[in-house]
Undergrad: 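The structure follows.
Atoms within each ligand, like the ligands themselves, are counted from 1 in listed order. Throughout, numbering of the chain's residues begins at 1 and tracks the sequence. For the numbers below, each heavy atom of this structure counts, side chains included, while hydrogens, waters and symmetry mates do not.
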Amino acid sequence: MSGTVHIIGAGLAGLSAALKLSGRGLRVVVHEATAFVGGRCRSYHDATLGMTIDNGNHLLLSGNHAALDYVRGIGAQQHLIGPAAAEFAFADLASGERWTLRFDDGRFPFWIFDTGRRVPGTGLLDYLPLARLLWTHPGKSVGDVVACKGPLYNRLLEPLLLAALNIDPPQGSAKLASAVIRETLAAGGVACRPLVARDGLGPTLIEPAIASLQARGVAIRLEHQLHAMHFGADRIEALDFGKETVALAAEDAVVLAVPPYAAASLVKDLQVPTEYRAIVNAHFRIDPPASAPPLVGVLNGTAQWIFAFPGRMSVTISAGDRYLDMARDVLAKSIWSEVASVTGLPAALPPWQIVRERRATFAATPAQDAKRPGAQTAWRNLALAGDWTNTGLPATIESAIRSGNRAADLIARSP
Ligand SMILES: Cc1cc2nc3c(=O)[nH]c(=O)nc-3n(C[C@H](O)[C@H](O)[C@H](O)COP(=O)(O)OP(=O)(O)OC[C@H]3O[C@@H](n4cnc5c(N)ncnc54)[C@H](O)[C@@H]3O)c2cc1C
């Protein structure tokens with residue numbers, strides 16, 4: 001491969017492909033439709049709060065090895081913070097109980113055998129169904145494989161799978177749930193340390209990537225939306241950006257790293273996932289209590305995870321479609337009352353913002369998962385990337401970055 005690689009889409013999939021390819025000394029140009037880099041994973045200045053916030057809280061785990069390689073590669077590892085060991089604080093709003101789950105670093109789950117450390121209300125035998133989920137179950141849902149009830153489900157499996165798959169777990173793909181469990185719980189605490197971008201997604205995942213790319217001479221063209229591709233018999237011959245058409249030489253290539261609905265409009269007959277799930281985030285401008293853990297899992301509330309950032313508390317609600325049409329102030333008040341109850345902060349509503357991403361991820365059902373294409377296409381100079389391509393993982397940062405790396409490998413290996 002000796003030509004120019006055009007990367008369409010500057011989300012994490014496009015950025016990781018650009019970093020890999022430019023790292024091999026290839027000429028790369030990134031084309032992004034909007035005026036900003038980062039796609040679904042970005043920081044922006046919010047006028048209502050008068051501060052920079054993220055479009056949504058993003059959690060990484062220490063087992064997300066492609067994401068951590070990416071962060072190290074752009075020199076931003078100091079911005080990812082988390083506890084020294086794999087521990088997760090929980091608050092149950094219904095019972096008032098509080099506990100912290102601490103996983104052993106090694107693969108053997110000693111914590112399951114320790115009544116003081118296992119999930120409150122569970123017995124040893126409750127953990128057996130977890131083993132069932134470790135096998136891949138093509139075409140099956142989580143609800144087909146395990147009983148979605150009982151304390152282990154309510155207090156561990158549901159919060160974990162809801163966050164990772166962004167779908168009500170019983171409907172979720174058992175194959176994707178299995179991949180998550182294999183790469184996290186089953187890999188031991190060393191793979192489960194929660195990591196958050198304390199200073200925001202921009203300074204952690206986006207701005208250092210832009211700086212690395214620009215240092216290598218990669219052009220990033222913003223507000224440069226791809227309108228169409230000219231398809232030859234076995235290669236893409238030109239890229240149509242509306243006012244400008246770029247003819248591709250025989251050795252040029254394209255990585256299409258756009259969301260599924262955009263990819264389907266650009267590539268005829270491409271099968272892609274067509275259903276989505278929302279994620280709702282609520283941000284409150286207030287200093288967290290000094291003792292607040294970086295995140296707390298909330299059970300039996302509207303809030304699911306409460307994140308503590310400098311000067312801000314933020315809440316994530318995955319599979320939040322039922323809150324899309326709720327009045328924003330009603331939602332903000334109801335979420336804040338839960339945050340106040342969990343953290344002990346005053347009940348008076350601080351300045352707030354609600355961010356609802358309708359198409360946060362594709363719906364991780366078995367049927368939608370089956371529609372995910374691989375990176376390779378019928379055109380030898382076109383590769384696909386994106387969290388929705390067939391990475392074997394749900395739509396996450398890890399999936400997006402692995403997809404970008406895979407597309408880059410495919411292009412770099414092409415003659
Ligand atoms: C609120 C929220 C919370 C999340 N929380 C987590 C989390 O806790 N942990 C986690 O791992 N993941 C999380 N995710 C998922 C994660 O953000 C995504 O998996 C990841 O950002 C997807 O990256 P991507 O590059 O595949 O796609 P995108 O970020 O969608 O990037 C695609 C890019 O292509 C551009 N584009 C589209 N059409 C064109 C065109 N025609 N021409 C040029 N450019 C085009 C778009 O503008 C966009 O910039 C969350 C997502 C959301 C929305």
Undergrad: Nearest protein heavy-atom contact for atom 50 (C) of ligand 1: which residue, which atom, what distance?
TA: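 Here the nearest protein heavy atom works out to H58 NE2, 3.1 Å.
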Undergrad: N/O of L12 under 3.5 Å from N/O of ligand 1, yes or no?
TA: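 Yes, since at least one N or O of L12 sits under 3.5 Å from an N or O of ligand 1.
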Undergrad: Does Y153 have any ring-ring contact (aromatic ring centres under 6.0 Å, His included) partners at least two apart in sequence or in another chain, and if so, which?
TA: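 ring-ring contact (aromatic ring centres under 6.0 Å, His included) list for Y153, sorted by chain: empty.
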Undergrad: G56 versus ligand 1: do any nitrogen or oxygen atoms come within less than 3.5 Å of each other?
TA: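 No, there is no polar N/O contact under 3.5 Å.
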Undergrad: In this structure, is the centre-to-centre distance between the rings of H31 and F241 below 6.0 Å?
TA: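 Yes, the ring of F241 comes within the 6.0 Å limit of the ring of H31, centre to centre.
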Undergrad: Who's the nearest protein heavy-atom neighbour of atom 23 (O) of ligand 1, and how far?
TA: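 For this ligand atom, the closest protein heavy atom is A400 CB, 3.5 Å.
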Undergrad: Could you tell me the residue and atom name of the protein heavy atom closest to atom 9 (N) of ligand 1, and the distance to it rounded to 0.1 Å?
TA: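 Here the closest protein heavy atom is L59 O, 3.0 Å.
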Undergrad: Does the Lys NZ or Arg CZ of R155 fall within the cation-pi geometry relative to F90 - under 6.0 Å from the ring centre and within 45° of the axis?
TA: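 No - R155 does not lie over the ring of F90 by the 6.0 Å and 45° rule.
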Undergrad: List the closest protein heavy-atom neighbour of atom 36 (N) of ligand 1: residue, atom name, distance to the nearest 0.1 Å.
TA: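 Answer, as residue, atom name and distance: V258 CG1, 3.7 Å.
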Undergrad: Verify, without hydrogens or angle tests, whether R216 (side chain) and L19 (backbone) share a donor-acceptor contact under 3.5 angstrom.
TA: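 Yes, because the side chain of R216 sits within donor-acceptor range (under 3.5 Å) of the backbone of L19.
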Undergrad: Would you name the heavy atoms of A238 and A247 that are closest together and state the gap between them?
TA: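 Taking A238 first and A247 second, the nearest heavy atoms are CB-CA, 4.1 Å.
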Undergrad: Pair N281, N55 - check side chain to side chain donor-acceptor pair (under 3.5 Å), show working.
TA: CA-CA 8 Å; N281 276 263; N55 69 313; over 6 Å; no
Undergrad: Looking only at distances, can you tell me whether any N or O atom of R40, backbone or side chain, sits closer than 3.5 Å to an N or O atom of ligand 1?
TA: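 N/O-N/O distance under 3.5 Å: yes.
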Undergrad: Should R359 and E275 count as an ion pair when the cut-off is N to O under 4.0 Å?
TA: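 No salt bridge links R359 with E275.
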Undergrad: For G386, is at least one N or O under 3.5 Å away from an N or O on ligand 1?
TA: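 In fact, backbone or side chain, G386 has no N or O that close.
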Undergrad: Checking the N or O distance criterion of under 3.5 Å, is ligand 1 in contact with L226?
TA: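 Between L226 and ligand 1 (N or O atoms, distance only) the closest approach is under 3.5 Å.
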Undergrad: Which bit of A262 gets closer than 4.0 Å to ligand 1, counting heavy atoms only: side chain, backbone, both or neither?
TA: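 Only the side chain of A262 comes within reach of ligand 1.
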Undergrad: Does I397, backbone or side chain, put an N or O under 3.5 Å from an N or O of ligand 1?
TA: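 Yes.
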Undergrad: If I apply the N/O under 3.5 Å rule, does D387 come out as touching ligand 1?
TA: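 Among all N and O atoms of D387, at least one is under 3.5 Å from an N or O of ligand 1.
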Undergrad: Quick check: does E398 get an N/O under 3.5 Å from an N/O on ligand 1?
TA: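 There is no such contact.
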Undergrad: Between ligand 1 and T396, is the shortest N or O to N or O distance under 3.5 Å?
TA: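 N/O-N/O distance below 3.5 Å exists for this pair.
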